[in-house]
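Proteins come first, then strands; the chains are lettered A, B, ... in the order of their sequence lines, and each starts at number 1. These numbers come from the heavy atoms of this one structure, side chains and all, not from hydrogens, waters or symmetry mates.
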Amino acid sequence: MVYEEKNKLKSFPIQAFQQDLIHWYLAEKRDLPWRKDQDPYKVWVSEIMLQQTRVDTVIPYFTSFINKFPTIDALADANEEEVLKAWEGLGYYSRVRNLQAAVKEVKESYGGVVPKSPEEISKLKGVGPYTKGAILSIAYNIPEPAVDGNVMRVLSRILSIWEDIAKPKTRKIFEDITYELISKDDPSSFNQALMELGALICTPTSPSCLLCPVREHCSAFEEGVQTELPIKSKKKKPKPLQITAAVLYDANGNVYIHKRPSTGLLANLWEHPNVEVNAEVGKPYREQLSDYLQSEYHAKVELSELAGTVEHIFSHLIWNISIYFGELKNTPNQMLVSLTEEELNKYAFPVSHQKIYQIFKGSALNV
DNA sequence: TAGACGTGGCC
DNA sequence: TGGCCAAGTCT
């Protein structure tokens, strides 16, 4: 398969590019916790955490996650609730469910050793084309491309590629190019260098071209179009939803929470009981919530006045959450779990529901 | 393929 | 302030 873009490589100084890039990387690379060794498990955990997530955010999560689950066996045998708790606040929670499932698979089918073949490693849950290449190259020094957003941005500038990097099929173009460009002597440093360059120098909005170790090989810099690239089509705006949530408690000070379904949004996380409402029903939101608590949980409760609001922005949704408090007058059904404040700390909540509980704790109603 | 899937930071 | 993210994967 030959793309027009691949023809650009015929006159491209591949060796000099590799040398300049890797030389810069070895001198300037950041001292990150997942770079202390090449343990395939730690590389794997770091790559999953780094998906769509900033390095500064990941560092503390990575450190504590590896402390709690230092090996494949430790994670495979760990309690699911504890694993989810360790991911609390990181987002994209299916990442950690897939990671634990995949680690179990490695323990059972591969003797606890992360497979080295692209075919086998790709079968693991949560390991897509990027993560496959990242683990194989970084941990095992195998020359596989690891094409992420950084790599597409950097290479689109270096080679003046005007394809839309938001389109899924575009990634394949960059993979084909990377197979040609990648250093066969040090694929680990090469792949990481490309990403490091994207993170530190060849940044999205104002790239530091004058500090760039490969600017003499950069087509976009030569043409002065580095800020025009890459081409990236716009995302849709998230859809707003009106949500009501209740912090339910009893005379003993226990709080009643609900576990979300095992699939979909915020899967397996816990939350304060809540429901989507709308103005067209003709009832006040507080009454719509009260009706819902009665029918869904058989919970009898006199709700407070509006206690506060929390906005929670997802990639595709916005929750505008109105918060009410209520002391239970009866024992609700088993869909609602009663917990002491101390027990609450063992369960993983989405950030929006952490905020809801903080409003409850900070309220005068709670004394 | 396009949409689902989180969160916090930045300008 | 709102848009755009940041080392993607799954369906």
Base, sugar-phosphate or nothing for [X]? Non-hydrogen atoms, less than 4.0 Å.
{"X": "A/Val127", "answer": "sugar-phosphate"}
{"X": "A/Leu32", "answer": "base"}
{"X": "A/Arg260", "answer": "nothing"}
{"X": "A/Arg153", "answer": "sugar-phosphate"}
{"X": "A/Ser46", "answer": "nothing"}

> Taking atom P in both C/dT11 and B/dG6, what distance in whole Å separates the two?
Replying inline: 13 Å
> What distance, rounded to whole Å, do you find between the two P atoms, one in B/dC5 and one in C/dA6?
Replying inline: 23 Å
Below 3.5 Å, can you tabulate the donor-acceptor pairs from side chains in residues 293-302 of chain A to any protein atom, sequence neighbours excluded?
{"unit_1": "A/Ser295", "atom_1": "OG", "unit_2": "A/Asp291", "atom_2": "O", "d": "3.2"}
{"unit_1": "A/Ser295", "atom_1": "OG", "unit_2": "A/Tyr292", "atom_2": "O", "d": "3.3"}

> Using a cut-off of 4.0 Å between protein heavy atoms and nucleotide atoms, how would you tag nucleotides 2-11 of chain B 5' to 3' with B, S and -?
Replying inline: B-SBBBB---
Can you give the donor-acceptor pairs under 3.5 Å from side chains of residues 203-211 of chain A to other protein atoms, not counting sequence neighbours?
{"unit_1": "A/Thr203", "atom_1": "OG1", "unit_2": "A/Ser206", "atom_2": "O", "d": "3.3"}

> Does A/Lys107 NZ have over 12 foreign heavy atoms under 6.0 Å away?
Replying inline: yes
>> For the residue pair A/Tyr130 / A/Glu47, report whether a side-chain donor-acceptor contact shorter than 3.5 Å exists.
In response: yes
>> Would you call the rings of A/His217 and A/Phe12 parallel, tilted or perpendicular, taking 30° and 60° as the class edges?
In response: perpendicular
> Should the pair A/His312 and A/Phe314 be assigned to parallel (<30°), tilted (30 to 60°) or perpendicular (>60°) ring geometry?
Replying inline: perpendicular
> Side-chain N or O of A/Lys237 less than 4.0 angstrom from OP1 or OP2 on C/dG3?
Replying inline: yes
